[in-house]
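All residue numbers in this chain count up from 1 along the given sequence. Quantities reported herein were computed from a predicted structural model and do not represent experimental measurements. First listed ligand is number 1; within each ligand, the first listed atom is number 1.
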Amino acid sequence: MFTDEKKLKRTSKFLSLVLRHKPQTIAITLDENGWTDVEVLMKQLDAFQHPITFQELEFLVKNNNKKRFAFNEDKTKIRANQGHSVNVDLNLQPITPPSILYHGTAEKFLNSIKEKGLIKKNRHHVHLSADIETARSVGQRHGKLIIFEVNTQEMMERGVLFFKSENNVWLTDTVPFHFLKQID
Ligand code: HQG
């Protein structure tokens, strides 16, 4: 099956691109909740030089290191669990987060974050994690790492809403700077 780790990673990245950002790359569409038809997806992946069998797709959904994708119940549809820039409604329900969450980012963004807080840029939400390790790996992608502790307790008390994606990424709209404490 997917013994080739490199192919797995490459396909996962490509799926992230088409299921979160640019479905038009392979001429597919996402419905308002982000779902796309599995058969059509496979046909188009094939047509655009990223062939994948259904068994491989199942393997990828199940074993993806961040559980980035999900099937519907009968596995006729698939979507990304979070991270979209296209306008989809994932029907996320507000939920109470732990009293502290973390956000890893790069030092080069610090001045702008001081000014504007954490903003979502292209994505639907600011992404936060329950553990420092995740924050570390997310932040390192952008440059010299800094890590913030987010005072979610106080944000909650002020009525800010939090959501959690299927794959346990904590999401919120913005985080004003005064709720952040740099810890690393
Ligand atoms: C930064 C991965 C300047 C923000 C991860 C981040 C995550 C600001 C970058 C998911 C800013 C945006 C998302 C401000 C925030 N001024 N920079 N005011 N506010 N930033 O990639 O959180 O692998 O859109 O700190 O696991 O790094 O794709 O967000 O550094 O869950 O599945 O702007 O992506 O998941 O970068 O990562 P991103 P992120 P996947």
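Considering only non-hydrogen protein atoms, atom 36 (O) of ligand 1 sits nearest to His142 CE1, 3.2 Å. Closest to atom 22 (O) of ligand 1 among all protein heavy atoms lies His103 CE1, 3.6 Å. Nearest non-hydrogen protein atom to atom 30 (O) of ligand 1 is Thr105 OG1, 2.9 Å. Here the protein heavy atom with the shortest distance to atom 18 (N) of ligand 1 is Gly117 O, 2.8 Å. For atom 7 (C) of ligand 1, the closest non-hydrogen atom on the protein side is His127 ND1, 3.5 Å. Counting only heavy atoms of the protein, atom 23 (O) of ligand 1 lies nearest to Arg68 NH2, 2.9 Å.
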**Pair Glu154-Arg158, salt bridge (charged side-chain N to carboxylate O under 4.0 Å, His left out): steps then yes or no** = CA-CA 6 Å; Glu154 206 182 322; Arg158 285 164 198 242; 3.0 Å; yes

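Polar contact with ligand 1: present for Ile119 (N/O pair, distance under 3.5 Å). Backbone and side-chain nitrogen or oxygen atoms of Val138 are examined, and none is located within less than 3.5 angstrom of a nitrogen or oxygen of ligand 1. Of the polar atoms of Lys120, none of the N or O atoms is found under 3.5 Å from an N or O of ligand 1, judged by distance alone. Taking only nitrogen or oxygen atoms, main chain and side chain alike, Ser112 reaches within less than 3.5 Å of ligand 1.
Of the candidates Lys116, Arg123, Arg20, the one placing a heavy atom closest to atom 24 (O) of ligand 1 is Arg123. Around atom 1 (C) of ligand 1, the closest heavy atom drawn from Lys121, Lys13, Gln82 belongs to Lys121. One option in Gln140, Lys66, Lys67 has a heavy atom closer to atom 26 (O) of ligand 1 than any other, and that option is Lys66.
Using a distance-only test at 3.5 Å, with no hydrogens or angles considered, a donor-acceptor pair links the side chain of Asn72 to the main chain of Lys77. Judged by distance alone, the side chain of His103 and the main-chain N or O of His127 form a donor-acceptor pair under 3.5 Å. A side-chain donor-acceptor contact under 3.5 Å links Arg141 to the backbone of Val138. Not a single donor-acceptor pair under 3.5 Å links the side chain of Ser12 to the backbone N or O of Leu8.
Side-chain atoms of Thr76 and Asp74 form a donor-acceptor pair, as typed in the model, at a separation below 3.5 Å.
Hydrophobic cluster membership is shared by Phe69 and Val86, with clusters built from Ile, Leu, Val, Met, Phe, Trp and Tyr side chains linked at under 4.5 angstrom.
Ligand 1 is approached by Arg141 to a heavy-atom distance shorter than 4.0 Å.
Using the six-membered ring where Trp is involved, Phe54 and Phe71 have ring planes that are tilted, between 30° and 60° apart.
Near Leu118, the atoms of ligand 1 lying under 4.0 angstrom from a non-hydrogen atom of the residue are 15 (C), 19 (N).
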Distance-only donor-acceptor hits, side chain of residues 167-177, under 3.5 Å, sequence neighbours excluded:
residue : atom : partner : partner atom : Å
Asn167  : OD1  : Ser165  : OG           : 2.4
Asn167  : ND2  : Lys66   : O            : 2.9
Asn167  : ND2  : Lys67   : O            : 3.3
Asn167  : ND2  : Gln82   : OE1          : 2.8
Asn168  : OD1  : Lys164  : NZ           : 3.4
Thr172  : OG1  : Leu161  : O            : 2.8
Asp173  : OD1  : Lys120  : NZ           : 2.7

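For the side-chain contact (heavy atoms from CB on, under 4.5 Å) test with Phe148, the passing option among Leu128, Ile183, Asp184, Thr105 is Thr105; the others fail.
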